[in-house]
Amino acid sequence: MKTSVELQDPFSYMIIWIILAVLFIAAVIFAQLYFRKVLGDRLKKPRTPKLKKVPPATLDNIKRKYLGELTYIESDLVNNRITIREAYHKLSKNIRMFVFEVTGIKVQKYTLTEIRRVNIPPLTNLVREYYEPEFARETRADVRSSIYKTRELIQSWRR
């Protein structure tokens with residue numbers, strides 16, 4: 001019995017498509033290896049942020065601004081307009097924004113570990129002190145001492 005359908009040999013169609021597919025896969029693998037080598041080294045190096053230099057007059061104005069905010073936080077705390085937890089939250093925001101304005105390092109959203117990498121020990125110590133009272137439901141932390149320490153850091157800032 002004769003059929004009208006004839007089967008083609010497996011390689012009778014254009015082999016160029018197979019060659020192109022193999023070349024494409026090889027190019028992708030090569031690009032992966034190349035970018036891992038080039039970018040991998042760059043990502044492993046710890047980047048040290050560049051500190052901006054603030055003129056002394058500007059530094060004094062920034063200090064005045066954030067010391068005024070500290071006074072306002074302390075007043076709100078004494079007059080029971082905010083809780084201790086809210087006071088610590090505001091203290092954290094205050095010192096982080098101060099450091100950002102003075103150095104240009106965006107520490108506003110850094111975790112404690114990231115702040116430690118910035119290598120400003122007084123800031124690290126303050127933020128570490130704020131963490132427990134800022135996130136705990138109840139705390140026995142001495143917020144006035146924290147306000148005093150924050151004020152001291154701002155006043156003594158020299159960069």
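One is the number of the first residue; the rest follow in order along the sequence. None of the values given here were measured: they were computed from a predicted structure.
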Using a distance-only test with no angle check, is there a side-chain donor-acceptor pair under 3.5 angstrom linking [X] and [Y]?
| X | Y | result |
| --- | --- | --- |
| T150 | Y130 | yes |
| T111 | R116 | no |
| S92 | R96 | yes |

The side chain to side chain donor-acceptor pair (under 3.5 Å) partners of E132 (sequence neighbours excluded) come to T139
Within 6.0 Å of CZ in R144, more than 12 heavy atoms from elsewhere | no
Going through the checks in order, is the side chain to side chain contact (heavy atoms under 4.5 Å, CB included) test met by V102 and T58?
-> CA-CA 9 Å; V102 174; T58 306; over 6 Å; no
Using a 3.5 Å distance criterion without hydrogens, assess whether the side chain of [X] forms a donor-acceptor pair with backbone atoms of [Y].
| X | Y | answer |
| --- | --- | --- |
| T103 | V99 | yes |
| S75 | T71 | no |
| K90 | I73 | no |

Please check if [X] and [Y] belong to a single hydrophobic cluster, counting links between Ile, Leu, Val, Met, Phe, Trp and Tyr side chain heavy atoms closer than 4.5 Å.
| X | Y | value |
| --- | --- | --- |
| L23 | I15 | yes |
| V143 | Y72 | no |
| Y148 | Y88 | no |
| V28 | L20 | no |
| L112 | V118 | yes |

May I ask you to say whether E69 pairs ionically with K93, meaning some side-chain N is under 4.0 Å from a carboxylate O?
-> no
Should the pair K65-E101 be classified as a salt bridge under the 4.0 Å nitrogen-to-oxygen rule?
-> yes
Does any non-hydrogen side-chain atom of [Y] lie less than 4.5 Å from one of [X]?
| X | Y | answer |
| --- | --- | --- |
| K63 | F98 | yes |
| L70 | E74 | no |
| I115 | I120 | no |
| K37 | Y34 | no |
| H89 | I84 | no |

State the [atom1]-[atom2] distance between [X] and [Y], to the nearest 0.5 angstrom.
| X | Y | atom1 | atom2 | value |
| --- | --- | --- | --- | --- |
| F30 | F35 | CZ | CZ | 9.0 Å |
| T124 | N119 | OG1 | CG | 7.5 Å |
| I154 | I62 | CD1 | CD1 | 11.0 Å |
| I95 | W157 | CD1 | CH2 | 7.0 Å |
| Y66 | N94 | OH | CG | 7.0 Å |

Does the side chain to side chain contact (heavy atoms under 4.5 Å, CB included) test come out yes or no for I29 and L33, once each step is laid out?
-> CA-CA 6 Å; I29 291 171; L33 294 174; 4.2 Å; yes
Nearest non-hydrogen partners of L91 and S146, listed with the distance = CD1-CB, 4.1 Å
Let me see the working for R64 and N61 under side chain to side chain contact (heavy atoms under 4.5 Å, CB included), right down to the final yes or no.
-> CA-CA 5 Å; R64 239 180 272 118; N61 289 337; 2.8 Å; yes
Only counting residues at least two apart or in another chain, list the ones meeting salt bridge (Lys or Arg N to Asp or Glu O under 4.0 Å) with K149.
-> E129
